[in-house]
Participant: 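This is the structure I have questions about; it appears just below.
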Protein chains: 2
Amino acid sequence: MAGPRASVAAHEVLAVIFQVRQQRLSVLLWRRARPPYEGAWVLPGGRLGATEGLDESIRRQLAQKVDVRDLTHLEQLETRGDPERHPADRTLATSYLGLVPADTDPATPEDTAWHPAPDPPPMGFDHAAIMRAGRRRLRAKLSYTNIGFALAPREFTMSELSGYYRAALGHDVAATNLRRVLLRRGQIEETGESVPSGRSGGRPAALFRFRARELEITDAFAVLRPPSRE
Amino acid sequence: MAGPRASVAAHEVLAVIFQVRQQRLSVLLWRRARPPYEGAWVLPGGRLGATEGLDESIRRQLAQKVDVRDLTHLEQLETRGDPERHPADRTLATSYLGLVPADTDPATPEDTAWHPAPDPPPMGFDHAAIMRAGRRRLRAKLSYTNIGFALAPREFTMSELSGYYRAALGHDVAATNLRRVLLRRGQIEETGESVPSGRSGGRPAALFRFRARELEITDAFAVLRPPSRE
DNA sequence: GCAAAAGTGTTTGTTCTACACCCATGT
DNA sequence: ACATGGGTGTAGAACAAACACTTTTGC
């Protein structure tokens, strides 16, 4: 009746950090300096400290180790605990999805680099699968939340914003319709200002901003919504 | 630069088990026999074994400790690791959402009981918050996946099914529209058989079944869907 | 026949995509 | 003037809620 002996496993936290860079969804990876998986790319992270919470830990590690401090969004993804996932010792890993706005360029150390998320280099451990889970989560939330605020700068034109969506979703996004969808949902608003057109001419683009800078569900009951009157 | 000393924390797995019982969404709770929180209700679960995976562990514990074996769905919810969440020792907890179909009645031991999910008794630790997270997850997934298969028996009438949805969503669900939504999405199909009407008369109800018995996303791109042609 | 429950037809409203057209600017 | 990119109008489709109406049964 008794189960296997209770274990006291090591626990690490990992982060899937996305940023849209040059029109492409990019993920921040770390080159591993020692076995196992020496030379492979892995997600940034490390051991959970004795007195810190999980969120706290991943924030600390990102700040210390890859110098990423200006996350606009951070949420927990999943926890993996397969006994085989770490070749040497038993290690559980809790992963997070983190987003950096497109207009910042965090100064990351030598051994880290941005890689294209749709086509990553060979990755160690189960980190490739975790990264895919992060992409799925981001894609889904772009559909029914205001999570775009975390990918975009504070102010942006609609064609810029559609570029971020295009990169994150992996398919074309028409600026003209995106504008209407996000305006109707109250996610974005005009700042009143506009950017002058470039040297090739064209009408100046209006500037927009997200009305909230934290996650909100803006399209909750797409279906099976509660009755309109009692 | 170095962070806090790495910890080796205990790890437990917990389950939010829901079942629709007498038209109400119910959650399976355990009465705690010793401090801390002696006498309070908690989610079933226990320590992770040294050689088992997380999914494996929660399945084992549910089978051994509360005799729940016939889960139709099980998915990971979240991991909590706040240093304060456990009064005595540091314990991380990974929670799962599990569903039991309405037509089974698992023989649970003395110290466990089903409680109404919308109105639970006082619960120990952070388990009330975890339970709420489970409810939110279930509600959301009823909207865009076929997760109803896990709440319903293999075969059911539409008015029975709308009862399960009503209990899980917490608002009225019209059988007539539910039928069309789920049929259009290809989630359910007619078995061809029907149930005779009761003593009060009425037209016999057709029997339906879910076409798949595992989770599928059936309303993926409610919005921001990819262009129809390239 | 009448009540009861299941199922169908139909209206209405919302939401989104697609696409034609108009607007403001640089050269 | 006209090319260029931004913005608006609008048609059409898909989808779902609401509700009146029809069907099939028990009594």
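Sequence lines set the chain letters: A, B, ... in the order given, protein chains first and strands last, and positions in each chain run from 1. Just so you know, these numbers use all the heavy atoms, side chains as well, and skip hydrogens, waters and symmetry mates. Every value quoted in this text rests on a predicted model; they were computed, and no experiment measured them.
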Participant: By the salt bridge (charged side-chain N to carboxylate O under 4.0 Å, His left out) test, which pairs, at least two apart or in different chains, include something from residues 14-25 of chain A?
Facilitator: A:R21-A:D105
Participant: Do the side-chain N or O atoms of B:R179 get closer than 4.0 angstrom to the phosphate oxygens (OP1, OP2) of D:dA16?
Facilitator: no
Participant: Hey, which sits more toward the 5' end of DNA chain C by its nearest nucleotide, A:N177 or B:A206?
Facilitator: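 On the 5' side of the pair lies B:A206.
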Participant: What residue pairs, at least two apart or across chains, pass side chain to side chain donor-acceptor pair (under 3.5 Å) with a residue in residues 192-204 of chain B?
Facilitator: none
Participant: Any salt bridge (charged side-chain N to carboxylate O under 4.0 Å, His left out) pairs touching residues 71-82 of chain B, not counting sequence neighbours?
Facilitator: B:E75-B:R137, B:E75-B:K141, B:E78-B:R80
Participant: So which of B:L43, B:V42, B:I17 actually passes side-chain contact (heavy atoms from CB on, under 4.5 Å) with B:L29?
Facilitator: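 Among B:L43, B:V42, B:I17, the one that satisfies the side-chain contact (heavy atoms from CB on, under 4.5 Å) with B:L29 is B:L43.
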Participant: Would you say B:R185 reaches D:dA16's phosphate, i.e. side-chain N/O to OP1/OP2 under 4.0 Å?
Facilitator: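 Result: yes.
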Participant: Nearest-nucleotide wise, let me know which of B:T176 and A:L207 is further upstream toward the 5' end of DNA chain D.
Facilitator: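 This one resolves to A:L207.
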Participant: Per the side chain to side chain donor-acceptor pair (under 3.5 Å) rule, what does the pair list look like for residues 113-124 of chain B, sequence neighbours excluded?
Facilitator: none
Participant: Could you go through nucleotides 23-27 of chain D and list every protein N or O atom that sits under 3.5 Å from one of its N or O atoms, giving the distance for each pair?
Facilitator:
unit_1, atom_1, unit_2, atom_2, d
D:dT23, O2, B:R203, NH1, 3.3
D:dT24, O2, B:R203, N, 3.1
D:dT25, O3', B:S197, OG, 3.4
D:dT25, O2, B:G202, N, 2.9
D:dG26, O3', B:R199, O, 2.9
D:dC27, OP1, B:R199, O, 3.2

Participant: What's the closest nucleotide to the side chain of A:R184 if the choices are C:dG9, C:dT15, C:dT17?
Facilitator: C:dT15
Participant: Can you sort out the partners of A:F156 under ring pair (Phe, Tyr, Trp, His ring centres under 6.0 Å), two or more places apart, ordered by chain and number?
Facilitator: A:F210
Participant: Under 4.0 Å from OP1 or OP2 of C:dA6: is there any side-chain N or O of B:S159 that close?
Facilitator: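 Yes.
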